[in-house]
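Report on the structure given below.
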Amino acid sequence: MRRLLLVFGVLVLASPVPAEAASVRIQIYKDCEDGSLDGTYSQADIRDARQNMPSDVAEYTDCVDVLRRAELTGTSNPPPTPEPITDGGGSSGAGGGPPAAPEPAAAPPPLVPETDGDRAALEGAARAGDQPVTVGGENLLAGVTPLGDSGNPLPAPLVVALIGLGLAGLAIAVPSLRRHATTLLRRP
């Protein structure tokens, strides 16, 4: 029992790096909840936080976009967006009317490939153009017809399922229609 506790204690003490990385991640997630990173973080920490982001943080915050922008710009502190200038009376400009709508934010820079393999794949795709794509020995574009062309029939299982649904609907409707028709015919 003592040996087991000793081994467990050594393992816990020997692993401060993952605990430190996790605490930095949590700090980054809390910082990016408001849509910007105010703290200063290394690019490795930002990349690690983005790649290990919990699903609830990714779904309910803008952290994915904030961290990706921080990676692309190379800084965790992007320059702040300028606020509209006001005359101090709650309105902007000399018109005295309602405040002007804020300027739309500039679009974030486009995503860039991270590895040499990604870059090579993008270059190859750009050179290939409209050439057919082969995956697992099958041509993905074989038999593709333009939209609106009726030369592409529905798959047989789908046709069978649609026919079955139509017959089931008819079987349900016939007794009701028969009762309705007999009551109409009995009226004087």
Side-chain angles (χ1 to χ4, degrees), residues 1-86 92 99-147 152 155 157-158:
M1 184 67 166
R2 287 183 180 176
R3 287 183 185 173
L4 182 63
L5 287 174
L6 180 66
V7 169
F8 181 72
V10 168
L11 288 176
V12 168
L13 292 175
S15 62
V17 174
E20 182 180 314
S23 93
V24 171
R25 280 187 220 141
I26 292 169
Q27 184 178 359
I28 290 173
Y29 299 147
K30 287 181 180 178
D31 189 7
C32 72
E33 285 178 349
D34 65 350
S36 67
L37 281 179
D38 300 323
T40 303
Y41 309 100
S42 70
Q43 286 295 310
D45 287 339
I46 293 172
R47 186 178 314 109
D48 178 61
R50 185 181 56 82
Q51 291 173 344
N52 296 298
M53 187 175 298
S55 60
D56 60 332
V57 173
E59 187 172 344
Y60 297 114
T61 67
D62 292 341
C63 284
V64 173
D65 296 331
V66 170
L67 296 180
R68 190 65 184 146
R69 278 193 307 267
E71 281 184 294
L72 292 174
T73 60
T75 177
S76 63
N77 288 341
T81 55
E83 294 292 325
I85 299 173
T86 62
S92 65
E103 293 292 325
L111 297 178
V112 295
E114 294 181 357
T115 65
D116 291 335
D118 292 344
R119 287 182 199 86
L122 283 175
E123 289 171 5
R127 281 192 303 269
D130 292 338
Q131 298 299 318
V133 177
T134 304
V135 175
E138 292 188 32
N139 182 359
L140 293 182
L141 298 179
V144 173
T145 57
L147 292 175
N152 196 0
L158 181 59

Check residues 54-62 and write down every donor-acceptor pair under 3.5 Å in which the side-chain atom is one partner and the other belongs to a residue at least two apart or another chain.
residue: Thr61; atom: OG1; partner: Val57; partner atom: O; Å: 2.4
residue: Thr61; atom: OG1; partner: Cys63; partner atom: N; Å: 3.3

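- Atom OG in Ser36 sits 13.0 Å away from atom CG in Asp65 (nearest 0.5 Å).
- Between Tyr29 and Arg25 the shortest side-chain heavy-atom distance falls below 4.5 Å.
- Note that the SG atom of Cys32 and the CZ atom of Arg69 stand 10.0 Å from one another [nearest 0.5 Å].
- In this structure, Arg68 CZ and Arg50 CZ are separated by 5.0 Å, a value rounded to the nearest 0.5 Å.
- Residues passing the salt bridge (Lys or Arg N to Asp or Glu O under 4.0 Å) test with Asp116, sequence neighbours excluded: Arg119.
- Looking only at distances, a side-chain donor or acceptor of Asp31 sits under 3.5 Å from a matching main-chain atom of Asp38.
- Met53 has its side chain within reach of Leu67: a pair of non-hydrogen atoms, C-beta onward, lies under 4.5 Å apart.
- Ile46 has its side chain within reach of Gln43: a pair of non-hydrogen atoms, C-beta onward, lies under 4.5 Å apart.
- Side-chain atoms of Asp45 never come within 3.5 Å of backbone atoms of Tyr41 as a donor-acceptor pair (strictly under, hydrogens ignored).
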